[in-house]
Visitor: 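The structure under discussion is supplied below as structure tokens; questions concerning it will follow.
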Number of protein chains: 2
Amino acid sequence: MAEIAKHETTTFREVMAEIVQRITEGPWGPGTLLPGEVELAEEFGCSRTTMNRALREVSELGFLDRKRKAGTRVRMAPIRQARFEMPVVRSEIEKTGAIYGYQLLAREVLVAPDWLRGRLGLKARARVVHLLCLHFADGVAFQLEDRWINAGALPMALEQNFSTVGPNEWLVATVPFSEVEISFLAAAADAVMVAHLDHALGDPVFCVERATWWQNAAVTLVTLAHRRGYRMTTRY
Amino acid sequence: MAEIAKHETTTFREVMAEIVQRITEGPWGPGTLLPGEVELAEEFGCSRTTMNRALREVSELGFLDRKRKAGTRVRMAPIRQARFEMPVVRSEIEKTGAIYGYQLLAREVLVAPDWLRGRLGLKARARVVHLLCLHFADGVAFQLEDRWINAGALPMALEQNFSTVGPNEWLVATVPFSEVEISFLAAAADAVMVAHLDHALGDPVFCVERATWWQNAAVTLVTLAHRRGYRMTTRY
DNA sequence: CGACTCCTTATGTGTAGACATAATAAACAT
DNA sequence: ATGTTTATTATGTCTACACATAAGGAGTCG
């Protein structure tokens, strides 16, 4: 036989759903001041604790603006937020069912060029490891990784040859990080990208740039250039 | 006189900070299985409720993987997540201290072209409003907005002329949404972009594309092309 | 050996109650 | 009128406790 009622208590998820619905389709238009938590809890038949959690999470979704004493108000324009989870490339590729491949194209140790020193805040004559790697999905070039590692902060990097394990995977397993800066940008394909990805010179390339610090010392800067037509998409 | 101790109870934020520290700099390396909530709560001198919240939030930061019965484990590679908050353009521009400007370039009502029908799931001969607008920061073109509005779902759009208020602001104030898809991509500058933004033909342009549905009906599709050199950046 | 059941366990979530804190509003003093 | 204190109030968070639920693991049966 079919059972419907799984429980009698009102869960915070149900409350959330109802609140979101009232905001997006119902009586709580932009700017509305909601009743207090106590009153709402009473109406929904749940405890204030539960109502508090529901409101907090809806607020984190970007719909509500909450202030002590002032109360809970529906945002005039909901904050559109795009949240991208960026696992290591290997996982990203394997998740699509494709076979992951990796190739080290170049490796050199040198004194950090000026632009890099400025970008990461390195001191003069800082030594860095520069790597160029390619990640494949089912044998097709998927992502070109241009990475700089601060050898001063991470001397171990000098001993790694990165011929079989990508620097990304090595880094996440080796060093923690305390601060990260991620940028998305459109760049023009340069000679290196043309050589390894399916691009013509000057083609628009979707790039992700990520800089990482640990305890105020720069660890690494990486630019990930993607294959032709790549989009970063999120849906909710 | 200076007071230090504000409270005696351990707050979930303090617990969070300590947990993150133990993960990033301390004994809890990648893969570590943490003690259970009860045990941790005892160690930290807080209730399990508080410990639960702390662990839940650290988990949302991408450091922990929690499963019933299996326990809480430190992720092998912390999930790098980029979270972008995208307010309406006006706010984005005004937040930088610049003066916002708006101009409607073109407005037409037509039957949805095939690619759009496919993209949004419109039915045959659906009528749409097509708009082309420009957003300025201190008089300089900042963003080119290419928007399509499904007139079937939103007949009011036919009456709006959008000469002074941008469709974005009008939409967020008028219709709710239930589903959103956001993509970031790199496109080649076309003639329209060249005419209005500081681009040469074929230049890489950073674009944001956003499609919105409400109750399973497509509402709008917009492509936002940004000025030369634009980057979307987040830091944490 | 494999498939099934049942028990155990760690997290997930709900409740009631209390105190903390921020921010507004009212009362007060200058 | 203006600046300052004080009260009020809605949200923020902690506690102790209880039950729900998912999933690993042991035991059982063919």
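Numbered from 1 within each chain, the chains take letters A, B, ... in sequence-line order.
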Visitor: Is any side-chain heavy atom of A:R210 closer than 4.5 Å to a side-chain heavy atom of A:E181?
Guide: no

Visitor: Measure from CZ on A:R68 to C1' on D:dT11 and round the result to the nearest Å.
Guide: 6 Å

Visitor: Looking only at side-chain N and O atoms, does B:T49 come under 4.0 Å of OP1 or OP2 in D:dT13?
Guide: no

Visitor: Hey, does A:R73 reach any base, or is it just sugar-phosphate, or nothing, if we go heavy atoms under 4.0 Å?
Guide: nothing

Visitor: Rounded to whole angstrom units, what separation is found between the CG atom of B:L33 and the C1' atom of D:dA23?
Guide: 14 Å

Visitor: Please pick, from D:dG24, D:dT11, C:dG12, the nucleotide with the shortest atom-to-atom distance to any side-chain atom of B:K69.
Guide: D:dG24

Visitor: Determine whether a donor-acceptor pair (one donor, one acceptor, N or O, separation below 3.5 Å) exists between the side chain of A:R48 and the base of D:dT13.
Guide: yes

Visitor: Do B:D146 and B:L144 make a side-chain contact, defined as non-hydrogen atoms from C-beta onward lying under 4.5 Å apart?
Guide: no

Visitor: Could you check how far CD of A:E57 sits from C1' of D:dT11, rounded to whole Å?
Guide: 16 Å

Visitor: Using atom CZ of B:F44 as one end and atom C1' of D:dT15 as the other, report the distance to the nearest whole Å.
Guide: 18 Å

Visitor: Atom CZ in B:F206, atom CZ in B:R231: separation rounded to 0.5 Å?
Guide: 10.5 Å

Visitor: Think B:T50 has a side-chain N or O under 4.0 angstrom from the OP1 or OP2 of D:dT13?
Guide: no

Visitor: I need the NZ-P distance between B:K67 and D:dG25, as an integer number of Å.
Guide: 11 Å

Visitor: Identify whether the distance between the nearest side-chain nitrogen and carboxylate oxygen of A:E60 and A:R66 falls below 4.0 Å.
Guide: no

Visitor: Specify the separation, in whole Å, of atom CG of B:L55 and atom C1' of C:dT11.
Guide: 10 Å

Visitor: Respond yes when some side-chain nitrogen or oxygen of B:N52 is under 4.0 Å from OP1 or OP2 of C:dT13, and no when none is.
Guide: no

Visitor: Between A:T72 and B:A70, which has a closest nucleotide on DNA chain D that is more 5'?
Guide: A:T72

Visitor: Please give, in whole Å, the distance from C:dT15 P to A:F12 CZ?
Guide: 12 Å

Visitor: Measure from the side chain of A:T11, starting at C-beta and using heavy atoms only, and say which of D:dA22, C:dG14, C:dT24 lies closest.
Guide: C:dG14

Visitor: Would you say the base of D:dT11 and the side-chain of A:R66 have a donor-acceptor pair closer than 3.5 Å?
Guide: no

Visitor: Does D:dT13 have OP1 or OP2 under 4.0 Å away from a side-chain N or O of B:R53?
Guide: yes

Visitor: Using whole Å, report how far CG of B:D65 lies from P of C:dA10.
Guide: 17 Å

Visitor: Under 4.0 Å between a side-chain nitrogen and a carboxylate oxygen: does that hold for A:D65 and A:R75?
Guide: yes

